[in-house]
Amino acid sequence: MSGFVEKPEPLQVPGLVHLHTGKVRDLYQNEAGDLVMVASDRISAFDWVLPTEIPDKGRVLTQLSLWWFDQVADLIPNHVLSTDLPAGAPTEWEGRTLVCKSLQMIPVESVARGYLTGSGLAEYKESRTVCGLALPEGLSDGSELPAPIFTPATKAAVGEHDENVSYEEVARQVGADTAAQLRQATLAVYGRGRDIARDRGIILADTKFEFGFEGETLVLADEVLTPDSSRFWPADQWEPGRPQPSYDKQFVRDWLTGPESGWDRKSEQPPPALPQEVVAATRAKYVEAYERLTGTSWA
């Protein structure tokens with residue numbers, strides 16, 4: 001069992017209809033039929049949305065996504081229409097709200113991997129493959145792959161795991177043409193992000209994207225190349241053969257699985273609230289990722 005420790009009540013805003021509360025984002029629709037996406041400060045770990053928020057996290061994710069959308073605009077269009085606050089929206093939505101096109105979303109997590117870790121490493125240890133793609137012998141946790149690979153997953157409901165699938169399965173589900181477009185766009189955007197991050201001393205190990213169609217045009221949606229959707233590693237600390245330091249919620253994971261939390265991950269009990277020092281350290285990592293990637297100060 002997993003999901004929200006306490007699922008928040010959505011804010012009611014005149015002129016907006018609440019559609020969905022996700023792990024991080026709340027989704028509304030305005031009277032014109034556009035989507036209004038609000039990134040909260042919620043944080044999840046081990047498929048639980050925790051009771052403690054990370055201050056500024058939603059703003060960091062939103063502003064970093066906007067920066068990346070600009071960096072890859074020549075590769076693929078995105079769903080953003082405006083960053084203006086809808087009339088009547090609370091001031092706390094400032095900086096964390098996107099008004100977006102309503103797309104026909106594709107039910108696939110489009111994942112690109114340039115390095116071996118996570119679920120890809122687990123599959124590799126068993127079969128020397130990732131999503132059915134054969135990889136060479138001798139790779140370990142953190143190894144760079146010979147070339148980036150497209151390793152899609154089916155999207156799961158909150159509290160459930162996404163499931164890695166083969167390219168052939170994606171083609172069966174969404175059609176060969178769409179699968180080919182997803183693979184091409186995913187690897188192109190990953191490649192651009194990897195090169196920009198590398199110039200800033202950061203390794204983009206892997207990332208996931210969401211795409212939808214506007215008519216027959218493939219469009220990049222949701223968030224892009226953030227610490228919530230990507231593994232960023234400091235390049236000067238990269239050392240294959242072990243887990244890598246990362247710009248994400250690793251402080252949260254480490255505390256939850258350590259003795260201080262008193263939480264048993266295998267139980268059905270929800271995780272406890274985070275201590276302030278873990279909150280502060282996690283916030284600092286998100287801000288550091290933003291500042292190093294964009295070259296601008298968060299303050």
Side-chain angles (χ1 to χ4, degrees), residues 2-45 47-70 73 77-107 109 155-160 208-215 219-229 249 252 270 273-274 279 282-283 286-287 290 294 298-299:
S2 54
F4 288 85
V5 173
E6 296 178 20
K7 191 162 187 176
E9 285 292 325
L11 287 173
Q12 302 301 318
V13 178
L16 299 183
V17 176
H18 176 258
L19 300 178
H20 177 68
T21 294
K23 288 181 179 180
V24 173
R25 287 167 181 77
D26 295 301
L27 195 62
Y28 295 79
Q29 188 170 45
N30 65 20
E31 292 172 343
D34 304 320
L35 298 180
V36 178
M37 194 167 67
V38 185
S40 74
D41 291 336
R42 296 189 292 270
I43 192 165
S44 64
D47 293 319
W48 283 97
V49 179
L50 305 181
T52 312
E53 295 189 339
I54 307 298
D56 283 333
K57 176 174 174 284
R59 290 188 174 91
V60 170
L61 297 180
T62 301
Q63 298 308 311
L64 186 55
S65 288
L66 286 168
W67 185 83
W68 278 117
F69 281 135
D70 285 344
N78 65 72
H79 67 160
V80 179
L81 292 170
S82 170
T83 58
D84 295 337
L85 275 188
T91 56
E92 58 262 32
W93 282 15
E94 187 73 51
R96 61 176 75 240
T97 301
L98 299 178
V99 181
C100 305
K101 300 173 184 176
S102 182
L103 305 175
Q104 181 185 347
M105 296 302 295
I106 302 168
E109 292 277 8
K155 294 185 65 174
V158 173
E160 298 179 11
K208 63 181 179 180
F209 304 116
E210 293 196 32
F211 296 95
F213 279 108
E214 182 184 21
V219 176
L220 183 58
D222 198 44
E223 63 182 324
V224 59
L225 296 168
T226 72
D228 267 17
S229 64
K249 48 196 173 187
V252 172
L274 301 173
V279 171
T282 303
R283 179 190 180 276
Y286 277 82
V287 169
Y290 173 88
T294 67
W298 177 249

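Everything numeric in this text was worked out from a predicted model, so none of it was measured.
- The aromatic rings of Trp93 and Tyr28 lie tilted to each other, with the angle between the two planes from 30° to 60°.
- Here CG of Asp47 is found 12.0 Å from CZ of Phe4. Values are rounded to the nearest 0.5 Å.
- Here the CG-CD distance, from Leu220 to Glu210, works out to 9.5 Å after rounding to the nearest 0.5 Å.
- Minimum heavy-atom separation, Val60 to Tyr290: CG1-CB, 4.0 Å.
- The main-chain N or O of Gly58 is found under 3.5 Å from a side-chain atom of Asp41 such that the two form a donor-acceptor pair.
- Contact annotation: the side chain of Ile54 approaches that of Leu274 to within less than 4.5 Å [non-hydrogen atoms, C-beta and beyond].
- You'll find the side chain of Asp228 reaches within 4.5 Å of the side chain of Tyr286, heavy atoms only.
- Evaluation of the side chain to side chain contact (heavy atoms under 4.5 Å, CB included) rule for Thr62 yields Ala39, Leu66, Arg96, Leu98 as partners, not counting sequence neighbours.
- Within 6.0 Å of atom CD in Glu92, more than 12 heavy atoms from other residues, nucleotides or ligands are found, so the atom counts as buried in its surroundings.
- Between the side chain of Lys249 and the backbone N or O of Ser44, at least one donor-acceptor pair lies under 3.5 Å.
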| Evaluation steps, side-chain contact (heavy atoms from CB on, under 4.5 Å), between Val49 and Lys7 | CA-CA 8 Å; Val49 179; Lys7 191 162 187 176; over 6 Å; no
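- In this structure the side chain of Pro86 never reaches within 4.5 angstrom of the side chain of Asn30, judged on heavy atoms.
- No donor-acceptor distance shorter than 3.5 angstrom exists from the side chain of Trp298 to the backbone of Val287, with no hydrogens or angles considered.
- For the atom pair CD (Glu109) and CZ (Phe209), the distance works out to 11.0 Å, reported to the nearest 0.5 Å.
- For Ser65 (side chain) and Val224 (main-chain N/O), a donor-acceptor pair under 3.5 Å exists by modelled atom type.
- Closest heavy-atom contact between Pro90 and Leu85: O-CD1, 3.9 Å.
- Between Leu103 and Ala221, the closest heavy-atom pair is CD1-CB, 4.0 Å.
- Looking at Leu61 and Ser229, their side chains never come closer than 4.5 Å, going by heavy atoms from C-beta outward.
- To the nearest 0.5 Å, atom NZ of residue Lys101 and atom CG of residue Asp34 are 10.0 Å apart.
- Within the 3.5 Å criterion, the main-chain N or O of Gly95 finds a donor-acceptor partner in the side chain of Gln63.
- Scanning all heavy atoms of the two residues, the minimum distance from Pro14 to Gly88 falls at CD-O, 4.5 Å.
- Looking at Thr21 and Ser40, their side chains never come closer than 4.5 Å, going by heavy atoms from C-beta outward.
- Counting heavy atoms from C-beta outward, Leu64 and Thr294 have side chains that approach closer than 4.5 Å.
- Separating the CZ atom in Arg42 from the OG1 atom in Thr52 is a distance of 13.5 Å, to the nearest 0.5 Å.
- In this structure, Lys57 and Thr282 have side chains that are not in contact, with every pair of non-hydrogen atoms separated by 4.5 Å or more.
- With values rounded to the nearest 0.5 angstrom, Lys208 atom NZ is found 9.0 Å from Thr226 atom OG1.
- With His79 contributing its side chain and Leu81 its backbone, the two residues share no donor-acceptor pair below 3.5 Å.
- When all heavy atoms are compared, the tightest approach of Ala87 to Val13 is O-CG1, 4.2 Å.
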